[in-house]
Every structure is written in structure tokens, then in C-alpha cells.
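The sequence lines fix the lettering, A, B, ..., with proteins before strands; numbering per chain opens at 1.
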There are 2 protein chains.
Amino acid sequence: MKLSSPQALCPNCRLSDLCFPYGLQENEVRLLANIVKNRQPLSAHDFLYYQGDECQSLYVVKSGSFRSFITDLDGNEQTVGFYLPGELLGLDALNHERFSCSTIALESGSVCELALSHINKLCSKIPNLQIQVLRILGKEIASGHELVVLLGHHSAKERMAIFLLSLSCRYGALGFSSMEFNLSMPRHDIANFLGLTAETVSCQLADLGKLGVITVKRRGVQINDLDMLKAIVEPCSAKWGKQVFCLPE
Amino acid sequence: MKLSSPQALCPNCRLSDLCFPYGLQENEVRLLANIVKNRQPLSAHDFLYYQGDECQSLYVVKSGSFRSFITDLDGNEQTVGFYLPGELLGLDALNHERFSCSTIALESGSVCELALSHINKLCSKIPNLQIQVLRILGKEIASGHELVVLLGHHSAKERMAIFLLSLSCRYGALGFSSMEFNLSMPRHDIANFLGLTAETVSCQLADLGKLGVITVKRRGVQINDLDMLKAIVEPCSAKWGKQVFCLPE
DNA sequence: CGTACAATTGAGAATCCTCAAGAGCAGTGG
DNA sequence: CCACTGCTCTTGAGGATTCTCAATTGTACG
């Protein structure tokens, strides 16, 4: 089987528009593809890396979904992000070359591995790649800010709505339905991410169901009224539409 | 006054160990210093840049302190960071080349300006600089994660303690006292940053005062018991246990 | 078919917010 | 020097939201 031959990965990868190579020339993508390694597929609950591990590579989600979380000295966890295909993992490690969070697979999935040393060398050769790296890092910082806004100044119902809108946009960008999808994470993980408890998440989902905004059945979510979901997030400005949760064009 | 001649800035700057040039060779610092511009000093409440503005430069705080905040469509503000000398501003703009937050001066201060186009060119020439840029960006991402942890899973008292410890540490690194400093921001801004109200911040500071951990007088803060302040943040891993939270009746 | 885990639901409790009043401090002008 | 004004900060009472605890139901998987 030559399907996963590194040289052929990126030009043929369905994700390449949403992923690291976005904005590069054909020949530049080929150079990048040369340094991409395919890792063994992971099963649900497998760790991709542990907090504190030395970081020698960044990872791009190829399939499945992942959860990153920080564990403090008392053993408490805080989920800092969920990652879908095309999204980059490990950026927080660029500071001390050690991962500042752990990442586990929520379901079976796979990742592409990019050795840091290779990226650095390649950036010097391809100015576009360097700009792209900075862009991705800037995006990660900006999305961190969005999460801070979410946690700092939103009620439980607003957090729930924002979370669903974010997933909706990201699934939509990947070519899946943005109106109907499955949550790959349990309630407990959602709650942890949103700074709530699992019970509150459950209640808020039930409430949104009673309002007719969504239909929830266990892990399955269907959005019935996207405008109302947006209105819950930004009451006064809902009619103008809002782009921040969507991927850039 | 030739003091602020760009060419002489970094090698002579007292901040250079804590700032952008950290880790660079002498001659590399000189190359970097060539692209540094000094901006007009700012007064309290002056904007350094506005959310949505096109970003052509990054800024390093030279003196004073700054606050960055995101304004949503309904006009609500969320403070995403306070910045002290040596800290880098504008990194969130690398994604869309527009600032995703506004930044204002909390007191009179000044910044160094680094044109993005120059940084990109220089990174290709100086591999160490490129690594340093990535390191700073990784640090910004990691500190965003820390703020998420703070907002997601900490009580009002813990948030207050973490905030004070962070300032203590950063002032200490700058060569100021880590045990006694002035808050350059009003209670309202602290509250907004921590996802609380100004009244709650006030009460929590008063409580910490009653516990003898700190002495607060308006903007002035003195830390009397650093260990206990740390114990409030990480109860189980501190030797005293939870009773530190209980106020005397 | 039973077990273990995930999710729901409800009652009571704790934390933090809202609202309101007042105190402290800086700057201004008489 | 004193009031005056405006702002920040403090303090307290009551209330709303979310958490904790507990019981129950639903689902996946051996």
C-alpha cells in the first residue's frame, strides 16, 4: 500500500485547503509534504502526547477528534480545546519545547507529524511558509482570546450556544453538515471546557431543546433554528450575523 | 536628546534580557535594533491601537502599563491581558493582519515599534530570531491557556490570588519589588479581566487583607505572606490545607 | 442479560451578582 | 484653607445562577 507515502500526502489530501499548506504554491506544498510523517492511528482515549513531554513535532489532525487539557498540581483538569481535522496541535509547546498540555483522542483518528527542526529549516527557504506559520499562531492566540471572552462574560446558556455554533461552523467548513452532527466528547468534557458542570450542560441542552432551537439525542445534535442560536449569543446584534466563529475565507 | 536614537536602543536598553532580543548574539541584536522605531509616548487612556485596525507593526512595552480588551458587537468589553515593560503587544493580529483587540495605556508610558515586514525579512536572515519569534508566540498561547484555566475552574478568591501572584512575579522579574507594588489599573478593569464584578474584587481584596495575607490601601498592595497566597491557589499541594479560606467569624 | 458508564432530572445550598448607599481621595476654584 | 465635584472604592442586603448531592433512566458492550 503506497497510499500513505509521505511524498504524496499533501497535494492529494482533501484537507489541504483547510490545513497547514493553505496559501502555498504547488511546489512549496511538495517541499512541505516531504517532511510530513504519518503517525500510527490512535484509538479513543489514546494519548497523542503528555503534558511536560519534550516537543519535537507539531501535529495536524487528519481524522477523528482530539481534546487538549491542562492538569494542575492538585490533579484538576481544564480542557483548553477540542480539535477537528485540519487543526494544528502542539503550538503551546513552542515556548519551552515542552508540551504545556496533554492531548488525547476522543475517538479513533490519525494525525500528520511535522518535525519542528524541519519546519524551521523550511521556513528559511519558503517565506510564504513562515508567514503561514505566523498566521496560524496568530489565529491560535486570537481563538484563545475568544475562549477567554466566553468564560469571562457569558452565562451557561450562552456558553452552550457558542460551543454549538463553533462546532457547527467547523464541521461545515470541513464539508460535513453544519446543521446536524455528533458530539464526539462526553458531557463531562464539554462542561469542563466551558467552565460548567456536566449537570448544567445537560440542563442547558435540554432547555435549548424545549425552546425548539435544537434537538438533542444523546451525542446527536440537530440545529433547528440557527438564527435563534445566534441570538442567544449576541442578543442585540443577532440580525447582523456574526463571523468570528467561522474559519477565515 | 539623542537618547532614543533607534540604532542604540537595544544594546543599551535595560530591558533587553527580558524582551524580544533575548537569546540573540550581539551583532544580531544590532540588526534588530536597526528596525526598531520609538513611538511617541502615550498618556493614560490613550489608545495604542484599535480593534479592527490594520496591523503593520508589533509593539513592545518600554515603560508604563497597558490593557488589551475585546469589544463584542453588543459593546461589552472583555480584558484579555495587562502588559508590563518587555512584553509584546499585537501578536493576535498575525492571523488577519488586523488587531483583534484594542490596547490602551493605563498610565503614561512608551512602546517600541517593530514593523512586521522588517521582522519577516530579518527572520529569514537570522535563524535565531525566527526561533525566538516562535518561542514568544508559544508563550503567548500558553499564557492564554493559563487564563482559560483561571476563568474556568477557580473561585473569586483564587482568581484574585493568582492575579496578585502573576503581578508579583512579573514586577520581580523587572527588578521591582515583588512584595510591594501599585496596581496601575482600577478595580473595574481587574474585575473585567478575572470575569468578576468590581464589588467582588473589592470584597476579595478586603478578605485577603483580613486574613493577613496582604495589605491593601487603594492601589497599593503589599504581600505579607507569599506562601499563604500560593496556598490559596493550590490548596491540596500546599502544606496547610483548606482552612486558610475560612475567615474568622 | 447484566454490568458499567453516561446522561438526565430535581432539591437544596453556596457563590457571586445586582442594587444601593456611603466613604475616601484628587483636582478645581473660590 | 475650605467646600465642591467627580470618580473610585468599599460595604452590605437580597436575589439569581450555578453547583453539589442524590436518585433514576438510558445506552453500550462484554
Side-chain angles (χ1 to χ4, degrees), chain A residues 43-45 67 76-79 104 106-108 150-164 182-211 214-221 232 235, chain B residues 43-45 67 76-79 104 106-108 150-164 182-211 214-221 232 235 242 244-247 249:
Chain A
S43 310
H45 311 302
R67 177 174 77 96
N76 305 309
E77 286 184 8
Q78 167 69 47
T79 299
I104 67 167
L106 289 165
E107 56 197 320
S108 52
L150 184 150
L151 292 172
H153 283 274
H154 287 285
S155 67
K157 184 164 277 84
E158 289 166 342
R159 294 183 200 195
M160 205 61 244
I162 291 170
F163 181 71
L164 292 174
N182 280 307
L183 303 170
S184 56
M185 68 295 284
R187 300 286 190 270
H188 174 266
D189 287 349
I190 299 174
N192 186 276
F193 180 60
L194 298 178
L196 302 170
T197 59
E199 294 93 326
T200 303
V201 167
S202 213
C203 279
Q204 295 304 331
L205 284 173
D207 277 4
L208 289 173
K210 282 175 198 155
L211 286 168
I214 59 172
T215 306
V216 190
K217 200 171 185 185
R218 217 69 177 174
R219 297 287 178 96
V221 173
I232 288 170
Chain B
S43 310
H45 312 301
R67 177 174 77 96
N76 306 309
E77 284 184 10
Q78 167 69 47
T79 299
I104 66 167
L106 289 165
E107 55 197 323
S108 53
L150 185 151
L151 292 172
H153 283 273
H154 287 285
S155 67
K157 184 162 281 85
E158 289 167 341
R159 294 183 199 194
M160 206 60 244
I162 292 170
F163 180 70
L164 292 174
N182 281 305
L183 302 170
S184 55
M185 67 296 283
R187 301 285 189 269
H188 175 266
D189 287 350
I190 299 174
N192 186 275
F193 179 60
L194 297 178
L196 302 170
T197 59
E199 294 94 326
T200 302
V201 166
S202 212
C203 279
Q204 295 304 331
L205 283 173
D207 278 2
L208 289 173
K210 284 175 199 157
L211 285 167
I214 59 172
T215 307
V216 191
K217 201 171 186 184
R218 220 68 178 174
R219 297 283 179 100
V221 173
I232 289 169
K242 279 217 170 191
V244 289
F245 291 112
C246 303
L247 280 170
E249 299 297 293

How far apart are the closest heavy atoms of [X] and [Y], and which atoms are they?
{"X": "B/Leu205", "Y": "B/Leu164", "value": "CD2-CD1, 4.2 Å"}
{"X": "A/Ala156", "Y": "A/Thr200", "value": "CB-CG2, 3.8 Å"}
{"X": "B/Ala191", "Y": "B/Ala198", "value": "CB-N, 3.4 Å"}
{"X": "A/Gln78", "Y": "A/Phe193", "value": "NE2-O, 3.6 Å"}
{"X": "A/His154", "Y": "A/Arg159", "value": "O-NE, 2.8 Å"}

Value in whole Å for how far the [atom2] atom of [N] lies from [atom1] of [X]:
{"X": "B/Lys157", "N": "C/dT15", "atom1": "NZ", "atom2": "C1'", "answer": "11 Å"}
{"X": "A/Met160", "N": "C/dA7", "atom1": "CE", "atom2": "C1'", "answer": "13 Å"}
{"X": "A/Met185", "N": "C/dA6", "atom1": "CE", "atom2": "P", "answer": "15 Å"}
{"X": "B/Asp207", "N": "C/dT15", "atom1": "CG", "atom2": "C1'", "answer": "12 Å"}
{"X": "B/His188", "N": "D/dT10", "atom1": "NE2", "atom2": "P", "answer": "14 Å"}
{"X": "A/His153", "N": "C/dC16", "atom1": "NE2", "atom2": "C1'", "answer": "13 Å"}
{"X": "B/Leu205", "N": "D/dT11", "atom1": "CG", "atom2": "P", "answer": "10 Å"}
{"X": "A/Gln204", "N": "C/dT9", "atom1": "CD", "atom2": "P", "answer": "12 Å"}

Looking at residues 192-200 of chain B, who's got a heavy atom less than 4.0 Å off DNA chain C?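 Per residue number, the list reads B/Gly195, B/Leu196, B/Thr197, B/Glu199, B/Thr200.
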Would you indicate which nucleotide in D/dT11, D/dT18, C/dA7 comes nearest to any side-chain atom of B/Cys203?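 Of D/dT11, D/dT18, C/dA7, D/dT11 is nearest to the side chain of B/Cys203.
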Which of the following nucleotides, D/dT18, C/dA7, D/dT8, is nearest to the side chain of B/Arg218?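 In terms of side-chain proximity for B/Arg218, the closest of D/dT18, C/dA7, D/dT8 is D/dT8.
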What's the spacing between A/Leu208 CG and A/Cys203 SG if we round to 0.5 Å?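 SG of A/Cys203 is found 11.5 Å from CG of A/Leu208.
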Taking any heavy-atom pair under 4.0 Å as a contact, classify B/Arg159: base, sugar-phosphate, or nothing.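 Nothing: the residue B/Arg159, judged by heavy atoms under 4.0 Å, touches no strand.
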B/Asp189-B/Thr79 side chain donor-acceptor pair, cut-off 3.5 Å: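 Absent: no donor and acceptor within the cut-off.
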